[in-house]
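Taking it in order: structure first as structure tokens, then the write-up.
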Amino acid sequence: MDLHAAIAAHLDGLAKPPGSLGRLERMAAHLCLTQRTLTPLTQPRALLIFAGDHGVVADGVGIWPSEVTGAMLGVIESSRACCSALAAASNTAVKLIDVGSKIAQAPGSKLYADRRVAHGTQSLAHGPAMTPEQFWAAWMVGQDEFETAKAKGIRMVAIGEIGIGNTTPAACLVALGCDAGAETVVGPGAGATPGSLAKKRKIVSEAVARARPLLERDPVSAMASVAGFEIVAMAGAIAAAAHADITIVLDGVVTGAAAIIAQAVDPAALDTAIASHISAEPAHAIALERLGLEPYLDWQLRLGEGTGALLLMPMLDAAAALMTQVATLKEVTG
């Protein structure tokens, strides 16, 4: 009996009518598949937040300056951010990995790791955001940070990000990876005016047009030209999880863009990935459909920081408990 059949047989054999727990049963099956077992574990777990700044912010794609990234790093480092509260509520450890912020002085906190490839990307509005060498350096940050979590016995990883302006490279990556137009992938991100949204749409369209001819012969250069350091690092972590049979829970549109990179580099990269929710950003639905990932929540989230992934944790605990703590019908009836 293969694993799919074994999972279905176990669920149908529990002390309940078959299928009576609806999508919880589907979640339980999905969780089992990511760990290749009938007895999945959801603890201990960690949220890896990858941070980076983006040169394109100076071109007016949003309403917030890059300095807000540094301010939010401080809030997360002090455990007072939204993700901090949700992580504490769901018993999830937090690590903050700086792959490319512009902050002048790194925080001296156990939560924070300075793994910066550079102090922000170049503006994708005027040329490549990063070099291929920087792409691979950021990818390895994600791989290394995942391996560190694995070595600590982590059985489930949520990933999230912080980086003012990062919905612009995310939109570019979704447009590039899904052959979609800028008008369908660009949303307000952390906030927009009609003028900034028009600028963002124009910049995304032009950057994708420059990158698209490279895609077939040099996909890494194409993706690097419109990516962000924190996005590439998340892609590296996603791929590493797949090869370790450890569940990795994706957040919103920016992690969706990271998943597109991960799958382009490694076709098996999403084998252990679970999509927590569908973002209010329009590019996210396009990315999830292209990747074949079914989101579990639709709460109109658009914060980032891994908050959507954290909200799914109690449901994943319930799915694991269903598989491991419920009596079988055979036990009940003798």
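Both backbone and side-chain heavy atoms feed into the values below; hydrogens, waters and symmetry mates do not.
- Nearest heavy atom pair, residue Thr69 against residue Ile162, reads CG2-O, 4.4 Å.
- Defined by atom type and a distance below 3.5 Å, a donor-acceptor pair is missing between the side-chain atoms of Thr272 and Thr34.
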Under 3.5 Å donor-acceptor pairs involving side-chain atoms of residues 232-242, not counting sequence neighbours:
none

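- For Ser123 and Asp59, the side-chain atoms include at least one donor-acceptor pair closer than 3.5 Å.
- A single hydrophobic cluster is not seen to contain both Leu31 and Leu3; linkage of ILVMFWY side chains at heavy-atom distances under 4.5 Å, directly or through other members, places them apart.
- Between Glu183 and Arg201 no salt bridge is recorded (no basic side-chain N to carboxylate O distance below 4.0 Å).
- For the residue pair Leu111 and Ser79, the shortest heavy atom distance occurs at CD1-OG, 3.7 Å.
- In this structure, Thr255 contributes its side chain and Ala258 its backbone to no donor-acceptor pair below 3.5 Å.
- Residues Ile261 and Val249 are members of separate hydrophobic clusters, defined by side-chain heavy-atom contacts under 4.5 angstrom among Ile, Leu, Val, Met, Phe, Trp and Tyr.
- Leu96 contributes atom CG, which lies 8.0 Å from atom OG of Ser109 (distance to the nearest 0.5 angstrom).
- Contact check for Leu38 versus Met323: side-chain heavy atoms found under the 4.5 Å cut-off.
- Within 6.0 Å of CZ in Arg290 there are 12 or fewer heavy atoms belonging to other residues, nucleotides or ligands.
- Of the possible donor and acceptor atoms, one in the side chain of Thr193 sits under 3.5 Å from a partner among the backbone N and O of Ser196.
- Residues Gly165 and Val57 approach most closely at CA-CG2, 3.7 Å, considering heavy atoms.
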Please lay out, stage by stage, how Asp53 and Ser101 fare under the test side-chain hydrogen bond (donor to acceptor under 3.5 Å, both in side chains). CA-CA 5 Å; Asp53 274 313; Ser101 84; 4.7 Å; no
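- Between the side chains of Lys95 and Thr148, no donor-acceptor pair is found at a separation under 3.5 Å.
- A salt bridge links Asp179 with Arg212: the distance from a Lys NZ or Arg NE/NH1/NH2 to an Asp or Glu carboxylate oxygen falls below 4.0 Å.
- Within the 4.5 Å cutoff, the side chain of Gln35 has no heavy atoms near those of the Asp245 side chain.
- The two residues Val186 and Ala171 make their nearest non-hydrogen contact at CG2-CB, 4.3 Å.
- When the shell of 6.0 Å around CH2 of Trp64 is examined, it contains 12 or fewer heavy atoms from other residues, nucleotides or ligands.
- Within the 3.5 Å criterion, the main-chain N or O of Ala180 finds no donor-acceptor partner in the side chain of Thr184.
- No more than 12 heavy atoms of other residues, nucleotides or ligands shown are found within 6.0 angstrom of NE2 on His4.
- The shortest side-chain heavy-atom distance between Glu25 and Ser20 falls under the 4.5 Å cut-off.
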Test side-chain contact (heavy atoms from CB on, under 4.5 Å) applied to Val157 and Thr247, step by step: CA-CA 6 Å; Val157 172; Thr247 308; over 6 Å; no
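- Ionic pairing of Asp317 and Arg45 is present here: one or more N-O contacts between side-chain nitrogen and carboxylate oxygen are shorter than 4.0 angstrom.
- Heavy atoms of other residues, nucleotides or ligands lying less than 6.0 angstrom from NZ of Lys202 number 12 at most.
- Other residues, nucleotides and ligands contribute more than 12 heavy atoms inside 6.0 Å of the CZ atom of Arg23.
- Side-chain atoms of Trp299 do not come within 3.5 Å of backbone N or O of His277 as any donor-acceptor pair.
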Side chains of residues 218-231: which donor-acceptor partners sit under 3.5 Å, not counting sequence neighbours?
| residue | atom | partner | partner atom | Å |
| --- | --- | --- | --- | --- |
| Asp218 | OD1 | Ser221 | N | 3.3 |
| Asp218 | OD1 | Ser221 | OG | 3.2 |
| Asp218 | OD2 | Ser221 | OG | 2.6 |
| Ser225 | OG | Ala222 | O | 2.6 |
| Glu230 | OE1 | His54 | NE2 | 3.2 |
| Glu230 | OE2 | His54 | NE2 | 2.6 |
| Glu230 | OE2 | Asn166 | ND2 | 3.1 |

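- Nearest heavy-atom pair, Leu14 versus Leu322, reported as atom, atom and distance to 0.1 Å: CD1-O, 3.5 Å.
- Using a 4.5 Å cut-off on side-chain heavy atoms (C-beta onward), Glu281 and Pro188 make contact.
- Under 4.0 Å is where a charged nitrogen must lie from a carboxylate oxygen, and between Glu77 and Lys110 no such pair does.
- Two residues are said to be in side-chain contact when any heavy atoms from C-beta on lie closer than 4.5 Å; Phe146 and Ile159 fail this criterion.
- Residues Pro194 and Leu197 have side chains not in contact (no heavy-atom distance under 4.5 Å, counting atoms from C-beta outward).
- The main-chain N or O of Glu331 is found under 3.5 Å from a side-chain atom of Thr328 such that the two form a donor-acceptor pair.
- At least one side-chain heavy atom of Ile97 sits under 4.5 Å from a side-chain heavy atom of Val141.
- For Glu289, the CD atom is loosely surrounded, since the number of other residues' heavy atoms within 6.0 Å does not exceed 12.
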Side-chain donor-acceptor pairs under 3.5 Å in residues 300-316, sequence neighbours left out?
| residue | atom | partner | partner atom | Å |
| --- | --- | --- | --- | --- |
| Gln300 | NE2 | Asp298 | OD1 | 3.2 |
| Arg302 | NH1 | Gly189 | O | 2.9 |
| Glu305 | OE1 | Cys83 | N | 3.2 |
| Thr307 | OG1 | Gly304 | O | 2.8 |

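- Residues Arg115 and Glu145 are in side-chain contact: their nearest non-hydrogen atoms beyond the backbone lie under 4.5 Å apart.
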Does the salt bridge (charged side-chain N to carboxylate O under 4.0 Å, His left out) test come out yes or no for Lys102 and Glu67, once each step is laid out? CA-CA 8 Å; Lys102 293 182 176 182; Glu67 287 77 12; over 6 Å; no
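- With hydrophobic clusters built from ILVMFWY side chains whose heavy atoms lie under 4.5 angstrom apart, Val94 does not share a cluster with Val99.
- Interatomic distance, CG of Asp266 versus CG of Leu270, reported as 8.5 Å (0.5 Å rounding).
- A pairwise comparison of heavy atoms in Arg116 and His119 identifies NH1-CE1, 3.2 Å as the closest pair.
- Between Trp139 and Phe135, the ring planes are parallel. Angles under 30° get that label, and only those over 60° would be called perpendicular.
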